[in-house]
Amino acid sequence: MPSVSPRADLESLPKYVPGRTIEGAVKLASNEVPGGALPSVARAIAEAAAGINRYPDTGSQALRERLARELDVPVERVAIGCGSVSLCQQTIQAVCAPGDEVIFGWRSFEAYPIVTQVANAVAVKVPITEGQELDLDAMLAAITDRTRVVFVCNPNNPTGTAVRRAELERFMAAVPEHVLIVLDEAYKEFVTDPEVPDGVEYTHTRSNVMVLRTFSKAYGLAGLRVGYAVAPEPIADALRQVYVAFSVNMLAQVAALASLDAADELLARCRDIVVERGRVREALLEAGYRVPDTQANFVWLPLGDQAIPFAEHALDRKLVVRPFDGDGVRVTIGTREENDLFLAAARDFRR
């Protein structure tokens, strides 16, 4: 009697490779922020823990209402998900039929091809430029009648480069109305270039634009998994339809609300990271590395076939960085002391 087997195409499914955690090593591989939860957020989580025998609000209504006020958008256009990566998959499930196409730059967020294939859609990878930036002209040229979603990761992960206002607006104006433009702004809080726009402003005027954001990065809640989307109302409704019930747990919802209450304090920590980001990039440039301008909380070294040797060299020095074989290495900005250890390792590698 034949046994039950999984989908045949899962054999070819790309594997998501998380940043490694090694005891005793400095982890600069996962774009986490240094420092733990703020005391006020930790207290809110501890108080909420007494109620974990109850199911969370599956609609995350309090969080949706708070975000709607903060962003000045109707609450009907806000959807919550288990991190922005979950919302990526929900988007494809909600918009794409089997065989429809999803376009994104490459290299970009490595979950895009995974969630696309899981949802039975077709991934269309568009190479980034020599300057390590998204090639919006090439992405536009890749659109066909089968295209349903285009991801624009801004700033782009793992390169840190950002699309600026004029270029983005030209792109959006040329994208057909049947194609959903997803502005993935997971690193929005680290952006300092005034020419990099706030994607939410476009959701007020364009019916095919949605924005993804997360509490995992700047807000330091990577371990609790909560993100949100601002989308046209029909898309936001569809995101909620395909949402796995109760997947954003009670502690995540409470922590997100408490983090919004402490936003000024948290964003001050982001400014400290931005200062370190500039210092690290300048030191790498002085050491002879090519490092594109970054608007995220990491730097990108386009090392090509030296990516794996560089990561192994760093690991020998108890530093965990994130290599992408054949492309480059992404290094999260940590504390000043952690960054100094990394810079010393980088200089040693050049020698």
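- Using a 4.5 Å cut-off on side-chain heavy atoms (C-beta onward), C270 and L267 make contact.
- Under 4.0 Å is where a charged nitrogen must lie from a carboxylate oxygen, and between R107 and D325 no such pair does.
- For CZ of R7, the number of neighbouring non-hydrogen atoms (other residues, nucleotides, ligands) closer than 6.0 Å is greater than 12.
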N31 and T332: CA distance, side-chain angles, deciding distance, side chain to side chain donor-acceptor pair (under 3.5 Å) verdict
CA-CA 5 Å; N31 296 342; T332 306; 2.9 Å; yes
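- Between G131 and T161 the shortest heavy-atom distance is O-CG2, 4.1 Å.
- In summary, D340 and R279 engage in a salt bridge, as defined by a charged side-chain N under 4.0 Å from a carboxylate O.
- Using a distance-only test at 3.5 Å, with no hydrogens or angles considered, a donor-acceptor pair links the side chain of R164 to the main chain of A162.
- Taking the six-membered ring where the residue is Trp, Y187 and F190 present tilted rings, their angle falling between 30° and 60°.
- The neighbour count for L285 CG, taken as heavy atoms of other residues, nucleotides or ligands under 6.0 Å away, is above 12.
- Salt bridge absent: R43 and E47 never bring a charged side-chain N and a carboxylate O closer than 4.0 Å.
- By the rule that hydrophobic residues join a cluster once side-chain heavy atoms approach within less than 4.5 Å of another member, V175 and V124 end up as members of one cluster.
- A side-chain N or O of E169 and one of Y202 form a donor-acceptor pair less than 3.5 Å apart.
- Aromatic pair W300/F324: centroids less than 6.0 angstrom apart.
- Hydrophobic cluster membership is shared by I103 and V163, with clusters built from Ile, Leu, Val, Met, Phe, Trp and Tyr side chains linked at under 4.5 angstrom.
- In the hydrophobic clustering of this structure, W106 groups with I92; members are Ile, Leu, Val, Met, Phe, Trp, Tyr whose side-chain heavy atoms approach within less than 4.5 Å, directly or through other members.
- Using modelled atom types, no side-chain atom of R350 and backbone atom of A346 make a donor-acceptor pair closer than 3.5 Å.
- Checked against side-chain contact (heavy atoms from CB on, under 4.5 Å), R146 has the following partners two or more places apart in sequence or in another chain: D100, E101, T144.
- No side-chain heavy atom of L71 sits less than 4.5 Å from a side-chain heavy atom of T203.
- Ring geometry, Y112 versus F151: the interplanar angle falls under 30°, so the pair is classed parallel (tilted spans 30 to 60°).
- Hydrophobic clustering (side-chain heavy atoms under 4.5 Å, transitive across Ile, Leu, Val, Met, Phe, Trp, Tyr) keeps L239 apart from V209.
- Of the possible donor and acceptor atoms, one in the side chain of E338 sits under 3.5 Å from a partner among the backbone N and O of T335.
- Scanning all heavy atoms of the two residues, the minimum distance from A68 to P74 falls at CB-C, 4.2 Å.
- Using a cutoff of 4.0 Å between basic side-chain nitrogens and carboxylate oxygens, D184 and R213 are not scored as salt-bridged.
- Under a 4.0 Å N-O distance rule, the pair E276/R281 does not qualify as a salt bridge.
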Please test R225 against S86 for side chain to side chain donor-acceptor pair (under 3.5 Å), starting from the C-alpha separation and ending with a verdict.
CA-CA 9 Å; R225 314 305 305 127; S86 177; over 6 Å; no
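- Annotation: D264, atom CG; neighbour count of heavy atoms from other residues, nucleotides and ligands within 6.0 Å does not exceed 12.
- Between E32 and K27 a salt bridge is recorded (basic side-chain N to carboxylate O distance below 4.0 Å).
- With salt bridges taken as basic N to acidic carboxylate O contacts below 4.0 Å, one links D237 and R240.
- Without hydrogens or angle criteria, R148 side chain to V179 main chain gives no donor-acceptor distance under 3.5 Å.
- A ring-centre distance under 6.0 Å is not found for F109 and F104.
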Could you list the donor-acceptor pairs under 3.5 angstrom formed between side-chain atoms of residues 244-261 and any protein atom two or more places apart in sequence or on another chain?
residue	atom	partner	partner atom	Å
S247	OG	V244	O	2.9
N249	OD1	L251	N	2.9
N249	OD1	A252	N	2.8
Q253	NE2	D57	O	3.0
Q253	NE2	S60	OG	3.4
Q253	NE2	V248	O	2.9
S259	OG	A255	O	2.8
D261	OD1	R66	NH1	2.8
D261	OD1	R66	NH2	3.0

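- Of all the heavy atoms in P197 and L168, the pair that sits closest is CG-CD2, 3.8 Å.
- Under a hydrophobic clustering in which Ile, Leu, Val, Met, Phe, Trp and Tyr are joined whenever their side-chain heavy atoms come within less than 4.5 Å, directly or via other members, V211 and L180 fall into different clusters.
- The two atoms that bring R77 and H204 nearest to each other are NH2-N, 3.9 Å, heavy atoms only.
- In this structure, D293 does not pair ionically with R277, as no charged nitrogen and carboxylate oxygen lie closer than 4.0 Å.
- For the residue pair D135 / T129, no side-chain donor-acceptor distance below 3.5 Å is found, with atom types taken as modelled.
- The backbone N or O of G334 lies less than 3.5 Å from a partner atom in the side chain of N339, making a donor-acceptor pair.
- The minimum heavy-atom distance linking A229 with L87 is given by the pair N-CD1, 3.8 Å.
- Within a 6.0 Å sphere centred on CG of D9, heavy atoms belonging to other residues, nucleotides or ligands number more than 12.
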